[in-house]
Amino acid sequence: MSASIRPVMCVVGARPNFMKMAPILRAFEAHNPRIPALLVHTGQHYDQAMSDQLFADLRLPPPDINLEVGSGTHAVQTAEIMKRFEPALDEHKPSCVLVVGDVNSTIACSLVASKKRIPVVHVEAGLRSGDRAMPEEINRVLTDQISDRLYTTELSALGNLKREGISEDRVCFAGNVMIDSLLDSRERARAPGLTLAQHGHDPAFVQQPQGYGLVTMHRPSNVDNPQTLALLLRVLDEVVQQLPLVFALHPRTRSNIDKFGLQGHLNAQRTVVLPPQGYLETVGLMDHARLVLTDSGGLQEETTALGVPCLTMRENTERPITVEQGTNTMVGRNPQAILQGVRDILEGRGKAGRVPEYWDGRAAQRIAADLYNWLG
Ligand code: UD1
């Protein structure tokens with residue numbers, strides 16, 4: 001351990017944080033001298049499928065501290081994380097607190113640290129959808145305002161930060177740590193047939209000549225309103241006429257489908273419904289899909305890196321490079337746009353795209369090198 005640096009307290013809470021943190025911890029370990037780290041899991045996600053399985057797949061060490069906050073309203077969850085995080089900070093006195101992404105754990109821990117004058121480091125800074133109805137957008141804007149060192153994944157982020165008064169010398173373009181994880185695990189990814197078999201489905205489903213589409217959907221704006229959710233499920237019913245679908249269901253979506261009585265939509269013969277998948281299963285399912293239909297932020301980036309066409313069921317994206325350079329097309333919640341997007345891809349008019357700068361598997365190394373100098 002470097003005698004001069006106190007540990008970096010690294011925070012994860014929800015599913016999309018884990019793939020961002022895994023390469024950072026490895027890069028800290030490999031840095032010469034080693035950068036000491038403490039891993040804090042807030043417990044925002046706690047299920048085997050949403051948390052433990054991903055730790056194993058990503059070779060993340062078990063957390064040093066687990067705050068076990070669980071679910072709640074945004075206010076309750078954020079407040080509970082803050083209350084439980086403060087004593088951990090007092091006890092360990094880290095050199096800085098490193099947060100990733102835009103979930104409630106990100107803003108909660110940043111806020112506690114900044115009030116205690118402990119430097120905050122934000123990885124994946126500066127992304128903006130411009131849509132304040134998205135809880136993540138509030139988390140992004142506020143976390144960046146109170147961060148001392150900001151690492152960006154794409155060049156548009158710097159412009160967003162400057163517009164919000166954040167000085168350029170706090171910002172470092174390091175690249176995309178989520179793609180570090182993707183490239184690290186692509187070889188180990190599970191074949192889609194095996195994933196289906198594991199859940200009692202016929203592996204031949206994903207080996208049909210026309211291929212299959214992968215669907216994920218969990219944004220409150222898509223799944224919390226019964227009319228919107230019903231509309232999107234009806235569109236999927238039409239899509240399966242053209243292409244068999246594998247639908248990995250987030251717990252929020254699963255419970256809303258049950259609550260709104262929409263189960264009938266998922267029984268179509270050409271749809272396989274799976275519970276939330278591990279990381280290696282998800283990478284395998286994405287990599288072999290004809291197309292991905294999603295509202296996830298991470299999948300927009302991962303499909304661009306894999307060169308798989310992606311249709312994003314949102315009105316806006318905080319990751320515009322996936323549209324400008326990658327394979328992503330925004331189709332919103334418009335049934336015609338979604339169906340046209342699917343047709344275009346199936347008829348060979350999908351986007352080929354290219355991999356953006358610094359999405360090269362070395363983003364975490366760049367962060368470790370920069371952070372070491374910055375802390376020094
Ligand atoms: C959170 C993130 C979102 C991210 C998503 C990935 C925020 C504001 N949102 O949304 O950006 O894309 O994670 O999954 O932080 N639940 C379980 N098991 C779990 C966790 C949650 O069943 O392990 C259920 C609970 O019913 C809970 C609901 O899912 O109420 C939503 O969980 P929550 O953490 O509040 O937000 P997500 O929708 O998962």
Side-chain angles (χ1 to χ4, degrees), residues 11-21 40-58 63 66-82 84-85 99-111 122-125 127-129 131-143 178 181 215-225 228-229 247-260 274-279 281-282 292 294-303 310 312-314 316-319 322:
V11 176
V12 293
R15 185 168 64 177
N17 293 162
F18 307 138
M19 37 296 241
K20 293 170 193 165
M21 195 59 81
V40 179
H41 188 345
T42 65
Q44 178 175 344
H45 284 174
Y46 44 84
D47 279 355
Q48 161 77 18
M50 300 292 284
S51 179
D52 302 356
Q53 181 63 49
L54 293 156
F55 266 70
D57 291 348
L58 291 157
N66 194 330
L67 305 178
E68 295 182 345
V69 294
S71 299
T73 63
H74 285 266
V76 166
Q77 192 175 59
T78 308
E80 203 53 51
I81 296 169
M82 291 177 70
R84 296 185 193 194
F85 186 57
V99 295
V100 294
D102 54 17
V103 303
N104 287 342
S105 302
T106 310
I107 178 62
C109 295
S110 307
L111 195 48
H122 186 203
V123 174
E124 202 190 79
L127 297 182
R128 297 290 181 269
S129 65
D131 176 5
R132 294 274 169 115
M134 250 183 122
E136 293 81 1
E137 183 75 353
I138 310 288
N139 295 343
R140 290 179 198 122
V141 170
L142 297 181
T143 302
M178 187 166 242
S181 268
V215 183
T216 83
M217 185 162 83
H218 71 279
R219 295 250 92 84
S221 54
N222 279 344
V223 308
D224 281 4
N225 174 296
T228 309
L229 183 55
F247 194 167
L249 264 191
H250 184 283
R252 173 193 283 278
T253 314
R254 162 101 277 162
S255 85
N256 285 345
I257 287 174
D258 292 344
K259 191 159 82 192
F260 306 148
L274 298 175
Q277 289 302 298
Y279 186 65
E281 286 81 1
T282 305
V292 172
T294 191
D295 59 12
S296 153
L299 267 70
Q300 293 175 54
E301 296 187 338
E302 289 161 339
T303 46
C310 179
T312 298
M313 296 178 287
R314 283 174 45 187
N316 47 57
T317 180
E318 61 287 338
R319 300 161 208 269
T322 60

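One-based numbering, in listed order, for ligands and for the atoms of each. Note that this is a predicted model, so its numbers are computed, not measured. Heads up: numbering here begins at 1 and tracks the sequence.
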### Task
Could you list which atoms of ligand 1 come closer than 4.0 Å to a heavy atom of His218?
4 (C), 5 (C), 6 (C), 12 (O)
### Task
Using atom types as modelled and distance alone, determine if a side-chain donor or acceptor of Thr303 lies under 3.5 Å from a backbone N or O of Gln300.
yes
### Task
Please check atom 26 (O) of ligand 1 for a protein heavy-atom neighbour under 4.0 Å.
no
### Query
Heavy atoms, side chains only, cut-off 4.5 Å: are Ser296 and Glu302 in contact?
no
### Query
In ligand 1, which numbered atoms sit nearer than 4.0 Å to a non-hydrogen atom of Met50?
14 (O), 19 (C), 23 (O)
### Contact (N/O only, under 3.5 Å) between His74 and ligand 1
no
### Task
Could you list which atoms of ligand 1 come closer than 4.0 Å to a heavy atom of Ser71?
21 (C), 25 (C), 27 (C), 30 (O)
### Task
Mark up the atoms of ligand 1 that fall under 4.0 Å of a heavy atom belonging to Gln77, in ascending order.
34 (O), 35 (O)
### Summary
The answer for which part of Pro16 has a heavy atom under 4.0 Å from ligand 1 is side chain
### Message
Polar contacts were defined as any N/O atom of the residue lying under 3.5 Å from an N/O atom of the ligand; does this apply to Asn104 and ligand 1?
### Response
yes
### Task
Flag the pair His41 / Phe55 as yes when their ring centroid distance falls below 6.0 Å, and as no otherwise.
yes
### Message
Show the atoms of ligand 1 that are less than 4.0 angstrom away from any heavy atom in Arg219.
### Response
3 (C), 11 (O), 12 (O)
### Query
Taking only heavy atoms of Glu136, which atoms of ligand 1 are found under 4.0 Å from at least one of them?
2 (C), 3 (C), 9 (N), 11 (O)
